[in-house]
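Right, one structure below, let's go through it.
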2 protein chains.
Amino acid sequence: MTAPPHEARPPRAGRALPDTQQGMRRRNLARVMHAVSAEGSLSRAAVASRIGLTRAAVSTLVDELIRWGLLEELGPERPGRVGRPGSALAVSGRGPAGIGAEIGVDHLAVCAVDLRGEVRARAVRHGANRGRAPQVVIEELTALVSRVVAEAESAELWPAGLAVAVPGLVARDARTVVRAPNLDWHDTDLGSLLPGGWPLAVDNEANFGALAELWLGAGTPPDFLHVSAEIGIGAAVVVDGRLLRGTRGFAGELGHVPVRPDGPACACGGRGCLEQYAGEEAVLRAAGLEPREDLVDLLAERAEAGDERVRAALRDAGTALGIALTGAVNLLDPETVVLGGALAGLSPWLLPALEAELTGRTAGAACPVAVSGLGPQGPLLGAAHSVVRAVLDDPAVVAERS
Amino acid sequence: MTAPPHEARPPRAGRALPDTQQGMRRRNLARVMHAVSAEGSLSRAAVASRIGLTRAAVSTLVDELIRWGLLEELGPERPGRVGRPGSALAVSGRGPAGIGAEIGVDHLAVCAVDLRGEVRARAVRHGANRGRAPQVVIEELTALVSRVVAEAESAELWPAGLAVAVPGLVARDARTVVRAPNLDWHDTDLGSLLPGGWPLAVDNEANFGALAELWLGAGTPPDFLHVSAEIGIGAAVVVDGRLLRGTRGFAGELGHVPVRPDGPACACGGRGCLEQYAGEEAVLRAAGLEPREDLVDLLAERAEAGDERVRAALRDAGTALGIALTGAVNLLDPETVVLGGALAGLSPWLLPALEAELTGRTAGAACPVAVSGLGPQGPLLGAAHSVVRAVLDDPAVVAERS
DNA sequence: ACTAATTTGTAAACGGCCATGACGAAATAG
DNA sequence: CTATTTCGTCATGGCCGTTTACAAATTAGT
């Protein structure tokens, strides 16, 4: 577990606030929100000492945040120490909520998360989406969103934004799906298909999964490499608490890192890419299984049961992952590598070979490998929380929106 | 970690100015300096419109910067347009200077750069440093620094900091050389050997080379991957205009990215690392040459002359580089890849094979490869400029220092 | 039980910083 | 020669956090 930060500092948001007196005030509002959010309940004086402002300044900031409905006063604290007890502040359970959505290969999911970080509404629809037209899928997703939003509104929440996790490459405009091979989508502008009216952010599921790990994972450091696999293999690079997106938004394509330069040809144009060894198709073939919806469970079950062919397939996938990760670790020097998504569930059979490669190839300076506790829930939670974080990072936006 | 705030603090520690009114003023002072520095000469009104402040505010900022000796008034501008002509401001050619130093495998170099970015003093000593004790080498380096500082001081410059480029891995404290295989140095604390009194920053030569490319290179974008090779192969990742250093400061170890997982064993513990194919030793062996000091010139000369064995060696090195870079590009999605250091001089024979691999393996989404115009001068210039940038990024420090 | 000490939250005065608006100065346009 | 435009500066005002002071609420000590 990482030591509690001496100061609850909001990670520098995507779009920095202007460097003016008003921008300073907005950043201080954010610092108050983050401090209270991190501790759950805090007095004004405690916030002041934590973020380095005076009690008087914090008082005016808190007044404003209460007026906007982002904080609420819980009443006097239980007096344990000497002196007048403070009045406990907490992040409001009403007000803005983050709507997260996930487009999986064989399911759709939507949830609403309040400012406290609690999931307040959910909706899921199972069924394969592969090859279906984006319009149809988005229509169904929109219906789920409507249901979740209605449920949230009945709990006095209002949607502050919609974030959609997609199994594919997303352009930096956070609207266009450039390529989602497992859905057969290409250059699809989700911005025009999804309901307008709220801020919208579309991103790779690996990215949202990594953010969930950063924000919700136990002891996840601000510098790590998050690897996830559904059908393709994606990774997300988090540096200093921020996602590394790349010029075109395509960073993290671990699946196409060359593992054996003379290996089998890949659809990407290369040879011997990681996906040729650790991708779903490759593992299925090596395990001698047919494609199914609940593939991960099946693989885990067979491996558990002692199916030697399945175990060998997973072992080989782990080896390939280890080779690719050796390159990534040498290049990025992350604090840890986190296995998420489907890899989390299969980690008992992947990890030994993976770690053998990784530590064997990096003598001494090995990078620890951890398994995500969020597993397949990561992307959806990360999406919803990304909206919540946007509000915490700049609480003043809600004032403009009323 | 108890570090005195004044001494041994890395100039570009990345630590942002405090978020207060005074911090805001300091940032605005920096914006004025950057604006004037970028244009060479600018009136107060032009600065104001460029950085988004009012003329009145800029006036007071400029007054202060002139009082500190960082800006100087050149007098009225040539009136070409309507209205009263402005008074041209320029960055002062006197005052603080950045001292850059480079410890190469077969040379030492020091230079002084003024705030305008011009090199005002140099000193070089040739001779192999491999295997010599750090104390002895640093003693010689210190002598060179003294000469350069004396020359700078006679030109009314005073050293604002010392930055040292080293061919090896440097810890994040910017003082300790963890491993420099080509010097045979291990866990050497340069901070205690180098002259005190100034802020000190030790860093990898690849990092400083990348910064030089960022700051001085023609048209270098803020997101790129800089590859350099002296004996080992180092890379530096620049994201959004900032170096990615990694948790331990070891990011960019491209030389130990696996290229052929079953290839020859490497000192790092791995097999088939890039260095086994494109490192100096490997290229020498393939080319059938003996180690020499001016190896790069020799290789270029032979290749130019048509020596087929040398050309094949460089071609193979390019291929291996291309494979390793394919992985890096997939992971980081940089805007360009820049070849610097010794690779720049050999690029005519490396590039064809390198680009063939890179574009062939990344179908369509290829990443352009550029060659550094700075070549072997990069690290030294980057080091000196890093000190200058630190002053431009926070001009108020010079006021504290007098 | 009563006083002293400590801590919290708020209010008023203060100082730093930039914006606004006005003014003189120095050029061009007609 | 006048009107116009632009530059640099000054006085004023608003925003924002700090300083200082004070009442309220609790514990510690007698």
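Here is the naming used below: chain letters follow the sequence lines, and residue numbers restart at 1 for every chain.
Screening residues 49-58 of chain B for salt bridge (charged side-chain N to carboxylate O under 4.0 Å, His left out), with sequence neighbours left out, gives B/Glu39-B/Arg50. Legend: salt bridge (charged side-chain N to carboxylate O under 4.0 Å, His left out) pairs involving residues 74-88 of chain A, not counting sequence neighbours: none detected.
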inquiry  = Walk along nucleotides 7-16 of chain C from 5' to 3' and tag each nucleotide B, S or - by protein heavy-atom contact under 4.0 Å, base first, then sugar-phosphate.
reply    = BBBBB---BB

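Residues passing the side-chain contact (heavy atoms from CB on, under 4.5 Å) test with A/Arg67, sequence neighbours excluded: A/Asp63, A/Glu64. Qualifying side-chain contact (heavy atoms from CB on, under 4.5 Å) partners for A/Ala251, counting only residues two or more places apart in sequence or in other chains: A/Leu244, B/Asp333. Among residues two or more places apart in sequence or in another chain, the side-chain contact (heavy atoms from CB on, under 4.5 Å) test is passed with B/Ala38 by none. With sequence neighbours left out, the salt bridge (Lys or Arg N to Asp or Glu O under 4.0 Å) criterion links B/Asp223 to no other residue. By the side chain to side chain donor-acceptor pair (under 3.5 Å) test, B/Asp240 pairs with no residue at all, sequence neighbours left out.
Each end of the helix from C/dA1-D/dT30 to C/dG30-D/dC1 yields a helix axis from five base pairs, and these two axes differ in direction by 0° (to the nearest 10 degrees).
A/Asn28 places its CG atom 13 Å from the C1' atom of D/dT18, with the value rounded to the nearest Å. Between the CD atom of B/Glu64 and the P atom of C/dC18 there is a distance of 10 Å, rounded to whole Å.
Residues A/Arg27 and A/Asp394 are not paired through a salt bridge, judged by the lack of any N-O separation under 4.0 Å between the basic side chain and the carboxylate.
In terms of position on DNA chain D, the residue among A/Glu77 and B/Ala57 whose nearest nucleotide sits closer to the 5' end is B/Ala57.
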